[in-house]
Protein chains: 2
Amino acid sequence: MSLVAKSLGGFVNLPSMQALTLTEENYLKSIYTLQHRNATGEVSVNEIAERMQTKPATVTDMLRKLSEKELIHYEKYKKIQLSESGIAQALQILRKHRLWETFLHDKLQFSWDEVHEVAEQLEHIHSKKLIESLDAFLGFPKYDPHGDPIPNAKGEMPVSRAVTLLNVEHDINCQIVAVKDSSTAFLQQLERFGLQIGVTLQVKEQMAYDNSILVQTKSDPFFLSEKTADNILVIPVAEL
Amino acid sequence: MSLVAKSLGGFVNLPSMQALTLTEENYLKSIYTLQHRNATGEVSVNEIAERMQTKPATVTDMLRKLSEKELIHYEKYKKIQLSESGIAQALQILRKHRLWETFLHDKLQFSWDEVHEVAEQLEHIHSKKLIESLDAFLGFPKYDPHGDPIPNAKGEMPVSRAVTLLNVEHDINCQIVAVKDSSTAFLQQLERFGLQIGVTLQVKEQMAYDNSILVQTKSDPFFLSEKTADNILVIPVAEL
DNA sequence: AAAAATAATTTGTTTTATATAAAATTTATG
DNA sequence: CATAAATTTTATATAAAACAAATTATTTTT
């Protein structure tokens with residue numbers, strides 16, 4: 001039975017909150033991600049199970065725990081949402097993950113596709129002072145090496161007006177600012193195309209048959225599959 | 001039942017070695033430290049139990065596990081020593097701990113007495129590339145902010161010819177290079193005396209009654225207790 | 001609206017890591 | 001050598017995470 005005072009106005013983000021286990025933190029991260037990918041803003045048990053590489057029964061059990069800690073809104077057989085403090089926690093973890101990725105890339109010369117794995121470990125280090133100092137040391141970066149926005153200390157996420165290569169207007173200059181997929185396989189494929197954060201390009205046309213797109217960079221034009229194009233985020237820029 | 005091939009010439013420091021748990025790593029670190037503090041180079045179950053804040057029965061159980069992994073030389077009821085691969089592991093953990101302390105102090109402006117706690121977490125991050133890059137980023141430091149030597153990538157420890165303030169010759173210039181005790185209480189007491197790594201001083205005399213010593217720095221002379229003096233390491237230097 | 005399919009939960013176990021008290025055993029000491 | 005001290009064994013305990021099988025709820029199909 002919790003002795004913690006009832007939250008004020010729904011806010012439970014008290015400093016006295018007990019530390020989460022590594023697995024709990026990973027669940028929050030997964031739910032956050034799925035929630036944002038889903039449009040409805042809600043997540044199912046099966047989705048979580050698949051993402052966490054586990055079975056639904058295990059997920060249900062964890063949801064009960066997260067619910068007891070008031071990190072999610074949960075009713076049996078209903079869809080799941082993060083609570084306000086759950087979102088706050090998830091954003092802190094995301095913040096740590098992306099700051100560490102930035103550190104590894106900017107300071108230790110890790111390549112784009114090497115940062116993720118190590119950041120998965122570093123994101124679970126608990127020290128407020130550490131992460132705020134790291135942020136300052138890095139110059140308060142707004143985006144990580146993948147172009148993903150880094151929540152600030154208050155958990156505010158910089159907005160991005162990025163769109164995928166599938167949705168961007170044709171024949172206008174745009175610059176790659178982020179990728180939706182951070183898997184090694186994807187990042188390495190991008191390297192084969194000479195694509196990375198900061199590269200500018202134009203989408204010339206889209207094939208009606210398979211939705212692949214023709215892309216023009218500094219070098220010769222080439223085709224990207226629908227799947228690949230959908231995972232590349234760009235913003236319009238003035239100059240090529 | 002282990003399927004790992006028998007070790008060659010006692011060396012089991014294979015790269016394929018399974019990762020240790022956090023607790024196992026902490027045991028190795030403790031045994032390493034006790035072993036070096038003990039002169040005999042051997043460690044007892046009770047000592048370990050006290051240092052790890054646990055009971056002897058728990059220690060015995062862990063020793064069995066560490067022995068199975070060939071990290072210690074262990075026979076029932078006998079004293080304990082790290083094996084060669086145990087030493088190698090301990091040195092790697094010590095290396096990580098001290099490199100992270102250096103990072104926190106040099107790059108993130110953590111004070112002397114703040115670095116230890118966070119480094120205790122960071123030392124358990126597993127990534128060879130991370131630690132070698134960090135080492136390079138820091139300029140391959142030989143000593144951490146407490147003045148303790150940092151093992152290099154091969155596990156070689158820089159030798160230190162430091163002696164404690166109790167043993168140093170009187171009336172010669174010497175410089176503080178390390179402390180034996182890293183507790184917050186001790187470090188904070190040193191601050192009260194204006195003492196830290198790099199400070200130069202002379203030991204003027206030792207009281208026969210309580211072994212306290214009279215110390216001369218740039219400011220007024222003052223007394224240090226035997227206990228405090230024994231935890232401060234210095235090397236002789238040319239200039240005051 | 002009933003039947004079938006799908007999704008989620010409960011129940012009963014399992015595993016792993018760590019820890020303990022109490023009893024038994026070995027070693028050390030006076 | 002008798003006793004004290006140290007260590008080990010035995011028998012449990014707990015917590016976190018996981019899963020299979022059975023059950024229950026919800027959704028979809030007919």
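Residue numbering restarts at 1 for every chain, and letters A, B, ... go by the order of the sequence lines. What you are looking at is a predicted structure, and each value in this text was computed from that prediction instead of being measured. Values below: all heavy atoms of this structure, side chains included; hydrogens, waters and symmetry mates excluded.
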Nucleotide-resolved protein contact map, nucleotides 8-14 of chain D, B/S/- at heavy-atom distance under 4.0 Å: BB-----
Heavy atoms of B:Lys96 and B:Ile125 approach each other most closely as NZ-O, 3.0 Å
What is the distance, rounded to the nearest whole Å, between atom CD1 of A:Ile48 and atom P of D:dA17? 15 Å
A:Leu165/A:Asp230 under side-chain contact (heavy atoms from CB on, under 4.5 Å): CA gap, chis, key distance, verdict: CA-CA 6 Å; A:Leu165 276 185; A:Asp230 188 44; over 6 Å; no
Check every strand shown and say whether B:Thr58 touches a base, only sugar-phosphate, or nothing at a heavy-atom separation below 4.0 Å. base
Using atom CD1 of A:Ile80 as one end and atom P of C:dA7 as the other, report the distance to the nearest whole Å. 13 Å
Verify the contact: side-chain N or O of A:Thr21 to OP1 or OP2 of D:dA17, cut-off strictly under 4.0 Å; return yes or no. yes
Rounded to the nearest Å, what distance is computed from the CD atom of residue B:Glu42 to the C1' atom of nucleotide D:dA6? 15 Å
Under 4.0 Å from any atom of DNA chain C, heavy atoms only: list the residues of residues 22-39 of chain A that qualify, in numerical order. none
Please find the pair of heavy atoms, one from B:Ile80 and one from B:Ser44, that lie closest to each other, and give the distance. CD1-C, 4.2 Å
Integer-rounded Å distance: C:dA23 C1' and B:Lys55 NZ: 17 Å
Please name the pair of heavy atoms, one in B:Asp181 and one in B:Phe186, separated by the smallest distance, quoted to 0.1 Å. O-CD2, 3.3 Å
Give the rounded distance in Å between these two atoms: CD of A:Glu47 and P of C:dA8. 8 Å
Atom-pair distance (CE on A:Met62; P on C:dT9), nearest Å: 14 Å
Going through the checks in order, is the side-chain contact (heavy atoms from CB on, under 4.5 Å) test met by A:Tyr27 and A:Leu22? CA-CA 9 Å; A:Tyr27 269 88; A:Leu22 192 143; over 6 Å; no
Cationic tip of A:Lys107 within the cone over B:Phe103's six-membered ring, i.e. under 6.0 Å and within 45° of the normal? no
The salt bridge (Lys or Arg N to Asp or Glu O under 4.0 Å) partners of A:Glu25 (sequence neighbours excluded) come to none
Contact under 4.0 Å: A:Asn46 side-chain N or O vs C:dA8 OP1/OP2: yes
Check the pair B:Leu134, B:Trp100 against side-chain contact (heavy atoms from CB on, under 4.5 Å), reporting the backbone distance first and the verdict last. CA-CA 8 Å; B:Leu134 182 65; B:Trp100 279 119; 3.8 Å; yes
Check ion pair B:Glu123-B:Lys29 (N to O, under 4.0 angstrom): yes
